[in-house]
Amino acid sequence: MVIIVTGGAGFIGSNFVFYMLKKHSNYRIVCLDKLTYAGNLSTLASVMDNPNFRFVKLDICDRAGVNQLFEEEKPDVVVNFAAESHVDRSIETPEIFLKTNILGTQVLMDACRQYGIQRYHQVSTDEVYGDLPLNRPDLFFTEETPIHTSSPYSASKAGADLLVMAYHRTYNLPVTISRCSNNYGPYHFPEKLIPLMIANALADKPLPVYGEGLNVRDWLYVEDHCRAIDLIIHKGKVGEVYNVGGHNEMKNIDIVKLICKELGKPESLIVHVEDRKGHDMRYAIDPTKIHTELGWLPETKFEEGIKKTIQWYLEHMEWWQTIISGEYRNYYEKMYGNRAEV
Ligand code: NAD
Ligand code: TDX
């Protein structure tokens, strides 16, 4: 089996590459990644010499390059993680989100049509469902929940999902989609909540919580997500959407306080800053379908996962300190420099 994994130098994609090489020692895993600011070749260092692994620097929007790779590798499966993934950046510069997340998906699916494929899997997000109110803890996102997006990021992911289903219906492309909740774990890029708070706390820098910090996210350890995708590409039904989440809802402020506690840092580092525009209040996945159809359940409890994650960041200082010492500094200054305290 040959699997093309796009975006495999990013957070979830790299964890998926590691997971698949370990789990399926007879599979060939080909990672296609543009190496944007969010992709790091150093992340893949441990597998670069693996004979079952190949890395190709390529933009998913590059039709000729993608077609050539398909000709060379004749993939059985494509798993598309490649995306612009940060909501805050999408509010500043929406265009690249539309280009990569929608048009890039189209290029990949066109190649799948042209060269033939057993499965095209689109890695989507719970953000396509919009948000839920805080005062209705009984409500969850199911696969039937209408698409109702808030940010340019989520709109671009929803656009891609619709296109994937259109390619299935129109061209009979064998597709599946997974819509997962917030992931956390090793190699999470430091612009996102959990790694940003760990890095800032370790440097005794302010911890910028948007608004009151009451927004709720449903956190899933990244390996549990990888296992879900592995199950879907092997046993999931073509043309179906699978929600992935672990019923692990946490308020942002509680996560930040927990990180302070684990690192022995004072909560006085917390600063409440101007809220994200259009900030979604609550995400909560109902994972009944993937549980009943494919037997998937999350294995890592949050208390254990967050400890493992913090430990990983303590043991891999070089990885993230290299990132935050580069272009990231300009990003941070732009995003947080003038953000008023509230
Ligand atoms: P990430 O930003 O850490 O990684 C994205 C990767 O895609 C990077 O390696 C980047 O170089 C690559 N990439 C970007 N544009 C590309 C292009 N045009 N061509 C080729 N490669 C390109 O993102 P992540 O957090 O690992 O998310 C991966 C996928 O999972 C995304 O599709 C995202 O929407 C989805 N997702 C993420 C989460 C989460 O909590 N992080 C939750 C649900 C779904
Ligand atoms: O500095 C911050 N302060 C803060 O309060 C940052 C970076 C975030 N936040 C808040 C915003 C959110 O309510 O923390 C929450 C989590 O923020 P992010 O880590 O940016 O994640 P989120 O916006 O929830 O989106 C993530 O989950 C769904 C991923 O980035 C998406 O790619 C995925 O689809």
Side-chain angles (χ1 to χ4, degrees), residues 5-17 31-41 43-44 56-62 65-66 79-91 96-97 99-101 103-105 107-108 122-128 131 150-151 153-154 156-157 160-161 177-185 187-197 200 206-220 222 225 229 243-245 250-253 255-256 270-276 278-283 285 332 335-336 339:
V5 177
T6 72
F11 165 44
I12 309 176
S14 62
N15 278 282
F16 186 73
V17 165
C31 169
L32 175 176
D33 198 296
K34 183 183 176 184
L35 296 180
T36 67
Y37 79 91
N40 283 286
L41 213 41
T43 300
L44 295 169
V56 180
K57 185 175 184 306
L58 192 64
D59 186 335
I60 56 167
C61 300
D62 174 355
V66 166
V79 182
N80 182 24
F81 290 94
E84 289 292 335
S85 71
H86 192 31
V87 173
D88 290 329
R89 287 187 192 252
S90 82
I91 295 166
I96 185 69
F97 284 72
K99 192 159 181 259
T100 288
N101 298 1
L103 297 179
T105 296
V107 168
L108 289 172
Q122 178 74 1
V123 181
S124 186
T125 168
D126 59 358
E127 298 200 17
V128 301
D131 64 351
S150 311
S151 69
Y153 163 71
S154 56
S156 70
K157 293 296 290 185
D161 283 12
I177 296 178
S178 52
R179 294 185 179 143
C180 190
S181 58
N182 286 58
N183 285 212
Y184 68 102
Y187 297 108
H188 204 178
F189 195 85
E191 67 190 351
K192 306 285 172 65
L193 179 76
I194 289 181
L196 184 146
M197 295 300 168
N200 281 17
L207 307 177
V209 170
Y210 297 163
E212 289 182 88
L214 300 179
N215 308 65
V216 169
R217 296 291 182 267
D218 179 0
W219 294 93
L220 185 73
V222 62
H225 186 189
I229 295 173
N243 282 356
V244 185
M250 302 264 303
K251 290 190 197 99
N252 294 340
I253 187 71
I255 296 216
V256 180
I270 296 174
V271 186
H272 290 270
V273 297
E274 196 184 327
D275 212 346
R276 173 183 281 175
H279 200 171
D280 281 337
M281 282 317 296
R282 172 176 169 248
Y283 302 144
I285 283 279
Y332 197 89
M335 203 58 85
Y336 297 92
R339 211 160 185 137

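Ligands are counted one by one from 1 in listed order, and the atoms in each one are counted from 1 as well.
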Using distance alone, determine whether F189 and ligand 1 share an N or O pair under 3.5 Å. no
Please say whether Y153 places an N or O atom under 3.5 Å from an N or O atom belonging to ligand 1. yes
Is ligand 1 less than 4.0 angstrom away from at least one heavy atom of C180? yes
Where ligand 2 meets Y153 - atom numbers and elements under 4.0 angstrom, heavy-atom basis: 31 (C), 32 (O), 33 (C), 34 (O)
Nearest protein heavy atom with distance in Å, relative to atom 32 (O) of ligand 2: S85 O, 2.8 Å
Residue portion contacting ligand 1 (non-hydrogen atoms closer than 4.0 Å) for L35: backbone
Would you say ligand 2 has an N or O under 3.5 Å from any N or O of Y336? yes
Atoms of ligand 1, numbered as shown, that sit under 4.0 Å from any heavy atom of K34: 16 (C), 17 (C), 18 (N), 19 (N), 20 (C), 21 (N), 22 (C)
For atom 4 (O) of ligand 1, closest protein heavy-atom neighbour: G10 CA, 3.4 Å
Compute the shortest N/O to N/O distance between E127 and ligand 2 and return yes if it is under 3.5 Å, no if not. yes
Does the pair N80 and T6 meet the rule for a side-chain hydrogen bond (donor to acceptor under 3.5 Å, both in side chains), with working shown? CA-CA 5 Å; N80 182 24; T6 72; 2.5 Å; yes
So the atoms of ligand 1 within less than 4.0 Å of a heavy atom of A83 turn out to be 5 (C), 7 (O), 14 (C), 31 (C), 32 (O)
Check V123, V5, V244 against I229 for a side chain to side chain contact (heavy atoms under 4.5 Å, CB included) and give me the one that passes. V123
Option set D59, N40, N101, criterion heavy-atom distance to atom 18 (N) of ligand 1, minimum: D59
Nearest protein heavy atom to atom 10 (C) of ligand 1, by residue and atom, and its distance? T36 OG1, 3.3 Å
Enumerate the atoms of ligand 2 whose separation from the nearest heavy atom of V209 is less than 4.0 angstrom. 5 (O)
Would you check the N or O atoms of A82, main chain and side chain alike, for any that come under 3.5 Å of an N or O of ligand 1? no
Testing the 3.5 Å rule here: is there a donor-acceptor pair between the side chains of Y37 and R89? yes
Given Y37, F11, F81, Y187, identify the one with the heavy atom nearest to atom 28 (C) of ligand 1. F81
Quick note on ligand 1: atoms under 4.0 Å from a heavy atom of L58 include exactly 19 (N), 20 (C)
Heavy-atom proximity to atom 19 (N) of ligand 1, picking from I60, T105, L44, points to I60
Identify, by atom number and element, the atoms of ligand 1 in contact range of K157, meaning under 4.0 Å from any of its heavy atoms. 31 (C), 32 (O), 33 (C), 34 (O)
Subset of ligand 2 atoms that lie under 4.0 Å from at least one heavy atom of E191: 7 (C)
Report the nearest protein non-hydrogen atom to atom 21 (O) of ligand 2: residue, atom name, distance rounded to 0.1 Å. N182 ND2, 3.5 Å
Before signing off on this row, confirm whether T100 and ligand 1 have an N or O atom pair separated by under 3.5 Å. yes
Would you say R217 and L193 make side-chain contact, with heavy atoms under 4.5 Å? no
Hey, is ligand 1 close enough to N183 that some N/O pair sits below 3.5 Å? yes
Looking only at protein heavy atoms, what sits closest to atom 23 (O) of ligand 1 is S85 OG, 3.2 Å
Quick check on contacts: which atoms of ligand 1 are under 4.0 angstrom from a heavy atom of G7? 6 (C), 7 (O), 9 (O), 12 (C)
Could you tell me whether some N/O pair between G8 and ligand 1 is separated by less than 3.5 angstrom? no
Does R276 reach ligand 2 with a nitrogen or oxygen that is under 3.5 Å from one of the ligand's nitrogen or oxygen atoms? yes
Taking only heavy atoms of S124 into account, list the atoms of ligand 1 that are under 4.0 Å away from them. 43 (C), 44 (C)
Given F16, which of F11, F81, Y187 fulfils the ring pair (Phe, Tyr, Trp, His ring centres under 6.0 Å) condition? F81
Below a 4.0 angstrom heavy-atom separation, can you tell me which part of K192, side chain or backbone, both or neither, approaches ligand 2? both
Below 3.5 angstrom, do we get any N/O pair linking L193 and ligand 2? yes
When you check the side-chain N and O atoms of Y332 and N200, is any donor under 3.5 Å from an acceptor? yes
Any nitrogen or oxygen of N182, main chain or side chain, under 3.5 Å from a nitrogen or oxygen of ligand 1? no
Students should be able to answer this: which protein heavy-atom is nearest to atom 12 (C) of ligand 2, and at what distance? H279 NE2, 3.4 Å
Is the shortest N/O to N/O distance between H225 and ligand 1 below 3.5 Å? no
Does S181 have a heavy atom less than 4.0 Å from any atom of ligand 1? yes
